[in-house]
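Have a look at this one.
Atoms within each ligand, like the ligands themselves, are counted from 1 in listed order. Note that the structure is a prediction, hence the values are computed from the model and not measured.
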Amino acid sequence: MRKIVIAIDGYSACGKSSTAKNVAKELNYRYIDSGAMYRAVTLYFLDHLVAITNSKEVEKAIREIQLSFRVNAKGVSELFMNGINVEKDIRKMRISENVSPVSALKEVREAMVAIQRKLGKDKGIVMDGRDIGSVVFPDAELKVFLTADILVRAFRRQKELLQRDDLVDIDTIVGNLASRDQIDSTRKESPLVKSADAFLIDTTHITIDEQVDEVIRLALSKMVGNRARSN
Ligand code: CDP
């Protein structure tokens, strides 16, 4: 079967990453978490006190950041920034609270999109984020847009954070998700929108396994469709 690009976009904490990771595993595709890249840039900006209102400082900082994904012994893709594994640090609330204004910067988006397109040039990739189907890969063979009730999303995120020994109260998480959804959807550069050709999946009442099965079913139909067209 021909390799395709699968773009999974949607609101914060809808299960995009878990879905994308599992779909990639089932199809033996590469998984790229584009949100992790924006989180890493935010970590760098916070640690180096980069003023996001100063475009010269922002451009200089971006030139100093080198990002790479490496697959660990368990087959899980992890993000390294300047040679250091940042997977744990980038999931903290301090990053969630600052990532959306950083991601709204034109300079940051251009640099990240260029890396993402390079990673996807050979297809056989599942990438999740906010603008993957709309901007990064507008020609992706399969586009999925995930949504879910905000309280359900908040409880799922709280559980994930607890698994990392990070206890955060539910009101703080709801506030953070709502604020990120608002900034991500209304920003000038690549706002979060559902592309007309994306399949909408509401994950409020379904399990991760059901989400994964649905995306795989859609992916297989696209792969077969592709092959039929090429014959
Ligand atoms: O995991 P969660 O859904 O909470 O967020 P994420 O995918 O890790 O993304 C973190 C933030 O990065 C988002 O709130 C966006 O501000 C930004 N982002 C973006 O602008 N474009 C992307 N393609 C992915 C993430």
Of the options Ile8, Asp202, Val193, Leu200, which is the one that meets Phe145 in a side chain to side chain contact (heavy atoms under 4.5 Å, CB included)? Leu200
Short side-chain to backbone donor-acceptor contact, Asp9 and Arg130, under 3.5 Å: yes
Inter-residue atom distance Glu26.CD - Lys21.NZ, 0.5 Å rounding: 14.5 Å
Looking just at side-chain N and O atoms, do Arg180 and Ser100 make a donor-acceptor pair shorter than 3.5 Å? no
Would you please say whether a donor-acceptor pair under 3.5 Å links the side chains of Ser96 and Arg39? yes
Whether Glu160 and Arg156 form a salt bridge (side-chain N of Lys/Arg under 4.0 Å from carboxylate O of Asp/Glu) is what I want to check. no
Near ligand 1, at a heavy-atom separation below 4.0 Å: residues by chain and residue number: Ser12, Ala13, Lys16, Ser34, Gly35, Tyr38, Arg39, Val99, Ser100, Ser103, Arg109, Gly129, Arg130, Asp131, Ile132, Arg157, Arg180, Asp184, Arg187
